[in-house]
**Q** 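I have a structure I would like to understand better, so I am pasting it below and will then ask my questions one at a time.
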Amino acid sequence: ANEMTVAAAGSFADTMGEVKRAYMKKDLARFVRERGVELNFPGHHPRRSISALRTLLYISTPDSPYTGQKQDMWKVVQRLFRAYWVEGVDISVDAELAKVLAPFGVTEAVITEANNCEKTKDDLTARTQEAVDRGLFGVPAFFITIQGQTLERMVYGQDQLELLEKMLGGTPSLYNLSTRPNVKLH
């Protein structure tokens, strides 16, 4: 799908044919079941996440003007993902977002500050542009830095998480299949 098609449709998923969409839905269900991942695909997906992203940067980046206690970015991300992908919270609504982030001391007033903070807006814009410049087109996607050296290869898609694990030095279960007797992948 090209950018014009995606823009007209609203999201990349809206440009897929029914057969591919049905396959991807089944594949995602298999993926989470086989890995014991909790997922309740939100009926309202996709939602705008700009307020959540600005708030995340505002409360977690060292040089933001936020005067409250800085938060661990990954703990906040985990909470946001759980709220959206397991609990079905519409994080595009600031009142709902505030409830999700209340354990981190976030109120609707903090979310408003984040949304009005030019430094935070500029930070998100710069990060987004960097992602686009590096070829990012969807999520989940990862660029890896090991011992200060960034690998220029992007790892994209939940079906590539085993590859990511291997790149990070782990032994993913899928790769163990090739060493089992009487197993043929085709």
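Keep in mind that what you see is a predicted model, and the values were worked out from it rather than measured.
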**Q** Kindly compute the distance separating CD (Glu96) from CD (Glu87), expressed to the nearest 0.5 Å.
**A**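 Glu96 CD to Glu87 CD: 11.0 Å, rounded to 0.5 Å.
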
**Q** Can you tell me how far CG of Asp122 sits from NZ of Lys119, rounded to the nearest 0.5 angstrom?
**A**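 If we round to the nearest 0.5 Å, Lys119:NZ and Asp122:CG are 9.5 Å apart.
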
**Q** Which pair of heavy atoms, one from Met154 and one from Phe143, lies closest together, and at what distance?
**A**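 The answer is CB-CE2, 3.5 Å.
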
**Q** Side-chain contact test, heavy atoms from C-beta onward, threshold under 4.5 Å: evaluate it for Gln160 versus Pro140 and give yes or no.
**A**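 Side-chain contact under 4.5 Å: no.
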
**Q** Would you say CZ of Phe81 has more than 12 non-hydrogen atoms from neighbouring residues, nucleotides or ligands within 6.0 angstrom?
**A**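 No, CZ of Phe81 has 12 or fewer neighbouring heavy atoms, counting only those of other groups under 6.0 Å.
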
**Q** Are any of the side-chain heavy atoms of Val76 and Leu101 separated by less than 4.5 Å?
**A**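 Yes, side chains in contact.
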
**Q** Is there a continuous path of hydrophobic side-chain contacts, each under 4.5 Å between heavy atoms, that joins Val77 to Val106?
**A**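 Yes, it is one cluster - the side chains of Val77 and Val106 are joined through contacts under 4.5 Å.
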
**Q** Measure the OG1-CZ distance between Thr55 and Phe104 for me, rounded to the nearest 0.5 Å.
**A**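 Between atom OG1 of Thr55 and atom CZ of Phe104 there are 12.5 Å.
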
**Q** Ignoring hydrogens, what is the shortest heavy-atom contact between Val100 and Arg79? Give both atom names and the distance.
**A**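 Scanning both residues completely, I find the closest heavy atoms to be O-NE, 3.4 Å.
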
**Q** Is there a side-chain contact (heavy atoms from CB on, under 4.5 Å) between Leu124 and Ile50? Walk through the geometry before answering.
**A** CA-CA 9 Å; Leu124 181 57; Ile50 193 162; 4.0 Å; yes

**Q** Show the numbers, then the answer: is there a ring-ring contact (aromatic ring centres under 6.0 Å, His included) between Phe137 and Tyr156?
**A** CA-CA 9 Å; Phe137 53 85; Tyr156 169 77; 4.5 Å; yes

**Q** Return yes when atom OH of Tyr23 has more than 12 non-hydrogen atoms of other residues, nucleotides or ligands closer than 6.0 Å, and no otherwise.
**A**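 No.
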
**Q** Give a yes or no on whether the backbone of Gly36 and the side-chain of Glu38 come within a donor-acceptor separation of less than 3.5 Å.
**A**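 No; zero donor-acceptor contacts below 3.5 Å.
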
**Q** Evaluate the criterion side-chain contact (heavy atoms from CB on, under 4.5 Å) for residue pair Leu53 and Leu57; output intermediate values, then yes/no.
**A** CA-CA 6 Å; Leu53 292 169; Leu57 293 177; 5.8 Å; no

**Q** Can you confirm whether Gln69 is buried at CD, in the sense that more than 12 heavy atoms of other residues, nucleotides or ligands lie under 6.0 Å from that atom?
**A**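 Not more than 12 within 6.0 Å, no.
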
**Q** Any heavy-atom pair between the side chains of Asn40 and Trp85 that's under 4.5 Å?
**A**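 The answer is no; the side chains never approach within 4.5 Å.
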
**Q** Kindly compute the distance separating CD (Gln78) from CZ (Arg82), expressed to the nearest 0.5 Å.
**A**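 The CZ atom of Arg82 is 11.0 Å from CD of Gln78, to the nearest 0.5 Å.
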
**Q** Do Tyr58 and Val110 have side chains that get closer than 4.5 Å, going by heavy atoms?
**A**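 SC-SC contact between Tyr58 and Val110 confirmed.
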
**Q** Is Met73 linked to Leu97 within one hydrophobic cluster, defined over Ile, Leu, Val, Met, Phe, Trp and Tyr using a side-chain heavy-atom separation of less than 4.5 Å?
**A**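 Yes: a chain of side-chain contacts under 4.5 Å links Met73 to Leu97.
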
**Q** Are any of the side-chain nitrogens in Glu162 or Arg35 under 4.0 Å away from the carboxylate oxygens of its partner?
**A**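 Judged by the 4.0 Å cut-off on N to carboxylate O distance, Glu162 and Arg35 do form a salt bridge.
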
**Q** Same cluster or not: are Val93 and Leu80 linked, directly or through other Ile, Leu, Val, Met, Phe, Trp or Tyr residues, by side-chain heavy atoms under 4.5 angstrom apart?
**A**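 No, because Val93 and Leu80 fall into different hydrophobic clusters, even though each may have its own neighbours under 4.5 Å.
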
**Q** Looking at Arg134, I want to see if its CZ is surrounded by more than 12 non-hydrogen atoms of other residues, nucleotides or ligands under 6.0 Å.
**A**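 Check passes, neighbour count above 12.
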
**Q** List the steps, then state whether salt bridge (Lys or Arg N to Asp or Glu O under 4.0 Å) holds for Arg127 with Glu130.
**A** CA-CA 5 Å; Arg127 289 170 188 249; Glu130 177 187 2; over 6 Å; no

**Q** To the nearest 0.5 angstrom, please state how far the CD atom of Glu165 sits from the CG atom of Leu161.
**A**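 If I round to the nearest 0.5 Å, the distance is 9.0 Å.
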
**Q** Counting only heavy atoms from other residues, nucleotides and ligands, does the tally under 6.0 Å from CD of Gln149 exceed 12?
**A**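 Not buried by this count: 12 neighbours or fewer within 6.0 Å.
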
**Q** Kindly assign one of parallel, tilted or perpendicular to the pair His45 and Tyr84, based on the angle between their ring planes and the thresholds 30° and 60°.
**A**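 Perpendicular, since the angle between the ring planes exceeds 60°.
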
**Q** Hey, could you give me the CG/CH2 distance between Leu56 and Trp74, rounded to the nearest 0.5 Å?
**A**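 Leu56 atom CG to Trp74 atom CH2 measures 8.5 Å (nearest 0.5 Å).
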
**Q** Any side-chain heavy-atom pair from Ile111 and Asn115 closer than 4.5 angstrom?
**A**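 Yes, at least one pair of side-chain atoms sits under 4.5 Å.
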
**Q** With a 4.5 Å heavy-atom cut-off, do Ile91 and Lys99 have their side chains touching?
**A**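 Result no, sub-4.5 Å side-chain heavy-atom pair not found.
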
**Q** Which one of Ser60, Ser64, Pro62 satisfies the side chain to side chain contact (heavy atoms under 4.5 Å, CB included) criterion with Lys70?
**A**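 In the set Ser60, Ser64, Pro62, the residue that makes a side chain to side chain contact (heavy atoms under 4.5 Å, CB included) with Lys70 is Ser64.
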
**Q** Between Ser49 and Ala52 (side chain of the first, backbone of the second, donor and acceptor by atom type, cut-off under 3.5 Å), is there such a pair?
**A**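 Checked: no pair found.
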
